[in-house]
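Input: a single structure, listed below in structure tokens.
Computed over heavy atoms, backbone and side chain alike; hydrogens, waters and symmetry mates excluded. Worth saying up front: this structure is predicted, and the values here are computed from it rather than measured.
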Amino acid sequence: MDNSIYKLKDTTTKEAFKYDYLLSKILPYIKPYTVRILIGFLIAIPLGLLDGVTAFALKPYMDYVIGGKTFEFTLWNWHLVITSLQMAIILPVGVVLFATFQGVLRYLNSYISTWSSQRITNDIKIDLFHRLVNMHPQFFDDNSSGLIITRYMNDPQTASAGIIDQIKTITTSLFGALGLIAVMMYSSWKLALIGVIVLCAAFIPVALIRKRIKTASNKNMVIGGNLTTNINETYSGNKVMAAYGLQNRQEKDFVQQTWESFNVNMSLAKRSSWMSPLMYSIASLGIAGVLGVGTYLINTGEMTAGSFASFVTSLLLLYKPIKTLGNTLTNIQNIFVALNRVFELFDLDSAIKDSSNAKTLNGLNYEISFENVDFEYQAGYPILKNLCLKVPKNETIAIVGNSGGGKSTLVNLIPRFYDIKSGSIKIDGTDIREFKIESLRNNISMVFQDNFLYSGTIRENIMMGNPNATEDELRQAVESAHIEELIADLPDGLDTIIGERGTTLSGGQRQRIAIARAMLRNAPIVILDEATSALDNESEAIVQKAMDNLMKDRTVFIIAHRLSTIKNADRIAVINEGELVELGTHEELMRNPEGQYKILYERQFNKKVTV
């Protein structure tokens with residue numbers, strides 16, 4: 001497996017400008033809201049067309065109100081006469097009514113667009129989060145929290161919310177342009193031809209900036225992730241920061257990242273901002289040409305002053321969105337880059353998944369065996385090498401060795417946090433890859449060195465071990481984990497809110513709550529990974545009692561640096577450099593004068609031991 005696929009900062013967005021590909025990807029999210037979106041677009045059509053009403057009204061106003069003429073109209077024996085004074089009243093009132101109607105349409109269009117965009121955004125975020133919670137642990141190893149937050153929260157918002165708005169804006173502008181062009185054609189087809197040619201020329205510079213936008217957007221994504229990580233680390237590590245005086249370091253990094261973002265944006269602005277002046281120049285050429293030709297047409301009697309005023313107003317209204325097209329299309333390109341990054345996340349798939357016809361694991365009956373297990377996080381850097389080990393049911397086996405030797409890796413392979421490169425890990429003779437992942441992990445309880453407690457109450461954190469547990473089972477877990485006194489001292493008992501990561505509790509209290517959670521699961525296999533290494537002696541003694549209760553009548557894997565805590569294990573496995581170098585009881589291993597275990601034991605207690 002190529003682990004580099006999980007590195008988000010290496011994203012390429014190679015499909016960012018394949019619009020048919022991107023639209024085909026987002027179409028399943030648009031389909032459920034097609035009716036509302038179509039209603040929004042249908043509203044956008046008259047909303048755009050009404051832009052031409054004011055321009056069109058100028059012709060009769062100039063010709064009949066300013067010119068003092070009477071408007072006469074005959075159709076099928078129906079004769080209509082409107083005086084100049086009546087026209088002066090009708091036209092302004094009509095413009096106000098049309099503007100009010102347009103305002104109502106604009107509100108409806110905006111509401112429907114926002115509703116549709118937010119629903120699509122929610123659907124994408126929910127699907128992405130489903131993938132995130134089931135992602136390969138390597139993904140979390142390779143990416144910072146800030147980068148993950150940026151990619152999984154900000155990009156969907158930018159992409160899905162923006163695309164509906166921009167399509168709506170383009171639709172409104174398109175039909176607005178068609179309405180204005182119709183007014184221009186009605187006023188003078190010759191002048192309209194000049195205006196349309198200049199309009200087409202104004203689009204040429206837009207295609208030149210696309211790659212710059214993609215590069216800048218990807219750089220900003222990485223920088224934004226670094227900024228978020230910095231803030232997360234400042235929050236989570238605030239005590240370490242204060243204790244070691246790291247405020248200047250954190251601030252320096254933040255300032256540097258902020259200026260990096262500024263430089264990327266300014267680099268893009270430097271290359272894209274010239275589009276607006278260029279479009280201004282192109283538009284001014286069109287207006288200049290219209291003024292010249294229009295003057296000639298008025299002087300020759302081919303066009304009235306009212307028609308010319310109506311045409312010029314239409315032309316100015318038409319060029320207004322064109323002059324700001326640079327920024328509009330920059331935003332659109334950013335949306336497509338973000339959209340591409342979103343669907344790159346959908347293409348990421350965890351390598352840890354159920355096999356076809358996976359079985360359900362129903363407890364441990366005989367043994368867990370490691371048979372010629374090889375494992376590596378990165379190709380060419382082996383962590384475990386041809387490791388063989390059999391652990392009978394209800395045995396407690398301690399795993400010790402030098403740091404980085406592969407102890408934690410070994411136990412992380414049992415619940416399939418990672419898959420081995422070769423060999424097999426079997427439960428009762430069946431490879432664990434043949435079991436459903438959910439059922440495999442339901443048979444394992446884990447207690448880590450730094451157990452994560454979720455924001456909420458103590459009850460909620462313990463019940464995560466078994467959401468269907470009864471009150472009696474919960475009470476037994478609390479007693480076995482020795483946290484009755486803790487709960488009794490708290491104002492709300494089990495329903496006390498412990499804050500984010502359980503920061504209101506001591507390390508020993510957090511460990512005992514984690515042990516209660518593991519007890520409530522009542523799994524036949526228990527993994528204790530450095531569960532007491534961060535505690536003081538008093539806390540360790542209480543936690544050790546809780547752990548002893550958790551270990552009763554279960555198959556237990558213990559990883560501990562403090563060798564005093566594992567002397568009573570049934571067997572001790574010594575792993576160095578990814579290989580099993582010794583295996584036996586404490587007494588057996590201490591009898592080997594050159595053994596790795598005895599060397600570790602004597603080094604830790606700083607004394608020679610005679611067995």
Side-chain angles (χ1 to χ4, degrees), residues 364 366-373 375 382-414 423 425 445-449 508 511 515 525-611:
L364 173 64
Y366 304 109
E367 66 178 13
I368 300 172
S369 60
F370 297 79
E371 301 177 4
N372 307 110
V373 170
F375 175 77
I383 303 299
L384 296 177
K385 309 166 190 173
N386 198 35
L387 189 141
C388 296
L389 177 66
K390 289 188 177 181
V391 182
K393 179 182 178 180
N394 292 344
E395 179 180 74
T396 295
I397 185 163
I399 302 171
V400 302
N402 293 328
S403 295
K407 303 185 298 297
S408 293
T409 297
L410 177 66
V411 296
N412 283 333
L413 295 176
I414 301 172
I425 301 173
S445 293
M446 299 191 73
V447 180
F448 303 94
Q449 176 181 351
Q511 288 298 80
I515 290 171
I525 303 168
V526 173
I527 296 173
L528 305 172
D529 189 355
E530 305 280 7
T532 62
S533 63
L535 304 177
D536 56 47
N537 291 334
E538 183 178 353
S539 297
E540 181 183 357
I542 300 173
V543 171
Q544 188 64 53
K545 290 180 182 178
M547 285 171 49
D548 290 341
N549 291 332
L550 174 63
M551 293 160 59
K552 287 178 183 176
D553 301 322
R554 291 182 174 91
T555 306
V556 183
F557 293 81
I558 303 177
I559 297 175
H561 274 115
R562 296 184 185 180
L563 300 185
S564 59
T565 62
I566 50 92
K567 287 169 59 177
N568 296 326
D570 296 317
R571 288 190 300 165
I572 298 170
V574 183
I575 296 179
N576 276 341
E577 303 299 329
E579 297 180 338
L580 178 64
V581 295
E582 285 184 290
L583 180 65
T585 65
H586 172 74
E587 290 76 14
E588 290 171 347
L589 296 178
M590 290 298 291
R591 291 193 188 101
N592 183 356
E594 303 299 325
Q596 291 290 321
Y597 179 77
K598 185 174 183 182
I599 293 171
L600 285 171
Y601 192 89
E602 291 178 342
R603 184 184 301 160
Q604 189 167 113
F605 291 96
N606 198 26
K607 63 179 181 180
K608 290 286 183 180
V609 179
T610 302
V611 180

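- At distances below 3.5 Å, at least one donor-acceptor pair connects side-chain atoms of Asn576 with backbone N or O atoms of Asn402.
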Practice task
Run the numbers on Ser369 and Val391 for side chain to side chain contact (heavy atoms under 4.5 Å, CB included), then give the verdict.
Solution key: CA-CA 6 Å; Ser369 60; Val391 182; over 6 Å; no

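- You'll find the side chain of Val574 stays beyond 4.5 Å of the side chain of Leu580, heavy atoms only.
- Taking CE from Met446 and CD1 from Ile525, the interatomic distance works out to 11.0 Å, rounded to the nearest 0.5 Å.
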Handout entry: Worked check of side chain to side chain contact (heavy atoms under 4.5 Å, CB included) between Ile558 and Val556
Key = CA-CA 6 Å; Ile558 303 177; Val556 183; 3.7 Å; yes

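- Separating the CZ atom in Phe448 from the CG atom in Leu528 is a distance of 10.5 Å, to the nearest 0.5 Å.
- Between the side chains of Asn394 and Asp553, no donor-acceptor pair of N or O atoms lies under 3.5 Å.
- Contact of the Ile572 side chain with the Thr585 side chain is not registered, since no non-hydrogen atoms from C-beta on lie closer than 4.5 Å.
- Distance check, rounded to the nearest 0.5 Å: NZ of Lys598 to CG of Leu600 gives 13.0 Å.
- Under a 3.5 Å cut-off, the side chain of Glu582 and the backbone N or O of Tyr597 do form a donor-acceptor pair.
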Practice task
Give the C-alpha distance, both sets of side-chain angles, the deciding distance and a yes or no for side chain to side chain contact (heavy atoms under 4.5 Å, CB included) between Val447 and Leu550.
Solution key: CA-CA 10 Å; Val447 180; Leu550 174 63; 4.0 Å; yes

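- Of the candidates Ile397, Leu410, Val526, Asp529, Ile397 is the only one forming a side-chain contact (heavy atoms from CB on, under 4.5 Å) with Phe557.
- Between Leu589 and His586 the shortest side-chain heavy-atom distance does not fall below 4.5 Å.
- Note: Lys407 NZ to Leu384 CG = 11.0 Å, rounded to the nearest 0.5 Å.
- With rounding to the nearest 0.5 Å, the separation of CD1 in Ile575 from CD1 in Ile383 is 12.0 Å.
- Side-chain contact between Ile425 and Glu371 is absent, with no heavy-atom pair separated by less than 4.5 Å.
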Problem - Residues Ile368, Phe370; criterion side chain to side chain contact (heavy atoms under 4.5 Å, CB included); working and verdict - result: CA-CA 7 Å; Ile368 300 172; Phe370 297 79; 4.2 Å; yes

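- Under a 4.0 Å N-O distance rule, the pair Glu395/Arg571 qualifies as a salt bridge.
- Atom OG of Ser408 and atom CD1 of Ile527 lie 10.0 Å apart (nearest 0.5 Å).
- Looking at heavy atoms from C-beta onward, Asn386 lies out of side-chain contact with Val373 at the 4.5 angstrom threshold.
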